[in-house]
Amino acid sequence: MPFKSLSALLGALLLTLPFGADAAPLEQPAGSELMATVEALSDAWTNRGRKWAVEDRIEELGLSPYLHTEWIDWFTFHENLILEIPGSGDEIVYVTAHWDKVDTNPLALASLLVNGALDELVSWSYFTDGALDNGTGVAMVLALARHFAGRENHYTYRFVLTGAEEMGLRGARAHVARLDPDEVARIAFAVNLDTLARAGTRDCVMSDVSDAHLMQRLLYAARDSGASIGTEKLPEGASSDHAPFAHTSFW
């Protein structure tokens, strides 16, 4: 996995996210720090172990004071792990990435069809390590959270590491559904990070679901930071944790 590419992408995001309001010298972590997060999740094998691994990394990075957890639903042990870094202004910037992985397991599809009721059975399988999808996204979120932690920020940064994304986006759906109208009105934008720095390809912004202005800012920032970022459209039928921020419903 090209961690140099992941570090460059981090630099582009840091140039993009604050819109200049929280500008600060970029302190990009070494590739070894990003790799440590990805490896911690990969070595955990099961989804239950992955949640514990993320919590351990949060503690190791000194981010525990910002952490609170949020239950998702009655069908799963998964939780959302939320790092909230307060700012002086009213607006909220969301950055999301899911910590759970999908397994090559027929029970995974069966559980999805019954809204996750079989999650406990699926969780102990480990046919895949989930390094790319989405250990990379988690590594990026923790690096961004560490960058903004302890600073005097204008925006409130809400870093949400969601569970049950692979089971119907249930973590993000549950979080968004619980927001009150005032919180929704305060959201400046939401950025979702999923499956990054894949060897032999370049990271892409999904143009069919992204804000055009923010997307252009990211492409300019990527050029300035040396990250190779293009644009693509989501494959037919695909989705991720960005979707509940646009709309949420029973489905």
Review point. Can you name the closest pair of heavy atoms from Ser207 and Thr231 and give their distance?
Key: CB-CB, 4.4 Å
Exercise for review: To the nearest 0.5 angstrom, please state how far the CG atom of Leu61 sits from the CG atom of Leu142.
Suggested key: 6.0 Å
Exercise for review: For Glu84 and His68, test the side chains for any donor-to-acceptor distance below 3.5 angstrom and give the result as yes or no.
Suggested key: no
Exercise for review: Working to the nearest 0.5 Å, report the span between CG of Asp90 and CD1 of Ile187.
Suggested key: 13.5 Å
Check your understanding: Just by distance, do the side chain of Thr69 and the backbone of Glu79 share a donor-acceptor pair under 3.5 Å?
Key -> no
Exercise for review: Report yes if some heavy atom in the side chain of Phe245 is under 4.5 Å from a heavy atom in the side chain of Tyr94; otherwise report no.
Suggested key: yes
Point to revise | Donor-acceptor under 3.5 Å (Asn47 side chain, Lys101 main chain) | key: yes
Practice item. Using the rule that two of Ile, Leu, Val, Met, Phe, Trp, Tyr join whenever any of their side-chain heavy atoms come within less than 4.5 Å, decide whether Val209 and Met215 are in one cluster. Key: no
**Study point:** Residue pair Thr96 / Asp241, side-chain donor-acceptor N/O under 3.5 Å
**Key:** no
Practice item. Find the distance between CG (Asp194) and CG (Asn134) and round it off to the nearest 0.5 Å. Key: 4.0 Å
Check your understanding: So which heavy atom on Leu144 is nearest to which on Val95, and how close?
Key -> CD1-CG1, 4.1 Å
Review point. Do Leu63 and Leu41 share a hydrophobic cluster (ILVMFWY, side-chain heavy atoms under 4.5 Å, transitive)?
Key: yes
**Study point:** Closest non-hydrogen atom pair between Ser240 and Leu169, with its separation
**Key:** O-CD1, 3.4 Å
Check your understanding: Taking C-beta and beyond as the side chain, do His98 and Leu161 meet within less than 4.5 Å on heavy atoms?
Key -> no
Point to revise | Heavy-atom side-chain proximity of Val93 to Thr156 below 4.5 angstrom | key: no
Exercise for review: Mind checking salt bridge (Lys or Arg N to Asp or Glu O under 4.0 Å) for Glu232 and listing every partner two or more places apart, or none if nothing turns up?
Suggested key: none
Check your understanding: Which pairs with one or both residues in residues 221-242 pass ring pair (Phe, Tyr, Trp, His ring centres under 6.0 Å), sequence neighbours excluded?
Key -> none
Review point. With no hydrogens and no angle check, is any side-chain donor or acceptor of Asn80 less than 3.5 Å from a backbone partner on Glu70?
Key: no
Check your understanding: Do you know which two heavy atoms are closest between Val38 and Ala139, and how far apart they sit?
Key -> CG2-CB, 4.0 Å
Revision key, fill the gap. Residues Leu34 and Ala143: closest non-hydrogen pair is CD2-CB, 4.0 Å
Review point. With Glu59, which residues qualify under side-chain contact (heavy atoms from CB on, under 4.5 Å), at least two apart?
Key: Ser64
Indicate every side-chain donor-acceptor pair of residues 176-184 with a distance under 3.5 Å to a residue at least two apart or in another chain.
{"unit_1": "Arg178", "atom_1": "NH1", "unit_2": "Trp71", "atom_2": "O", "d": "2.5"}
{"unit_1": "Arg178", "atom_1": "NH2", "unit_2": "Trp71", "atom_2": "O", "d": "3.3"}
{"unit_1": "Arg178", "atom_1": "NH2", "unit_2": "Ile72", "atom_2": "O", "d": "3.1"}
{"unit_1": "Asp180", "atom_1": "OD1", "unit_2": "Asp182", "atom_2": "N", "d": "3.0"}
{"unit_1": "Asp180", "atom_1": "OD1", "unit_2": "Glu183", "atom_2": "N", "d": "2.8"}
{"unit_1": "Glu183", "atom_1": "OE1", "unit_2": "Asp180", "atom_2": "N", "d": "3.4"}
{"unit_1": "Glu183", "atom_1": "OE2", "unit_2": "Arg158", "atom_2": "NH1", "d": "3.1"}
{"unit_1": "Glu183", "atom_1": "OE2", "unit_2": "Arg158", "atom_2": "NH2", "d": "3.3"}

Exercise for review: Check whether any side-chain heavy atom of Glu152 lies under 4.5 Å from a side-chain heavy atom of Ser88, and answer yes or no.
Suggested key: no
Review point. Parallel, tilted or perpendicular: which describes the rings of His78 and Trp99, with under 30° parallel and over 60° perpendicular?
Key: tilted
Check your understanding: For Ala188 and Glu91, which heavy atoms make the closest approach, and how far apart are they?
Key -> CB-OE2, 3.9 Å
Review point. For the side chain of Arg223 and the backbone of Leu219, is there at least one donor-acceptor N/O pair under 3.5 Å apart?
Key: no
Check your understanding: Hey, is Asp100 close enough to Arg50 for a salt bridge, meaning N to O under 4.0 Å?
Key -> no
Practice item. Answer yes when Arg146 and Glu33 have at least one side-chain N-carboxylate O distance shorter than 4.0 Å, and no when they do not. Key: yes
**Study point:** Pairing residues for Asp211 by the side-chain contact (heavy atoms from CB on, under 4.5 Å) criterion, not counting sequence neighbours
**Key:** His213, Leu214
Study note, to complete from the structure: With sequence neighbours left out, the residues meeting salt bridge (Lys or Arg N to Asp or Glu O under 4.0 Å) with Glu39 are none
Practice item. Taking Thr46 for its side chain and Gly49 for its backbone only, find out whether a donor-acceptor pair lies under 3.5 Å. Key: yes
Check your understanding: Quick one: does Val191's side chain get under 4.5 Å of Leu218's, heavy atoms only?
Key -> no
Review point. Mind checking whether Phe189 and Ile85 sit in one hydrophobic cluster, side chains of I, L, V, M, F, W, Y counted as touching below 4.5 Å?
Key: yes
Review point. Do the side chains of Leu81 and Phe159 get nearer than 4.5 Å, heavy atoms only?
Key: no
Check your understanding: With distance as the sole test, does Asp208 use its side chain to make a donor-acceptor pair with the main-chain N or O of Lys233 at under 3.5 Å?
Key -> no
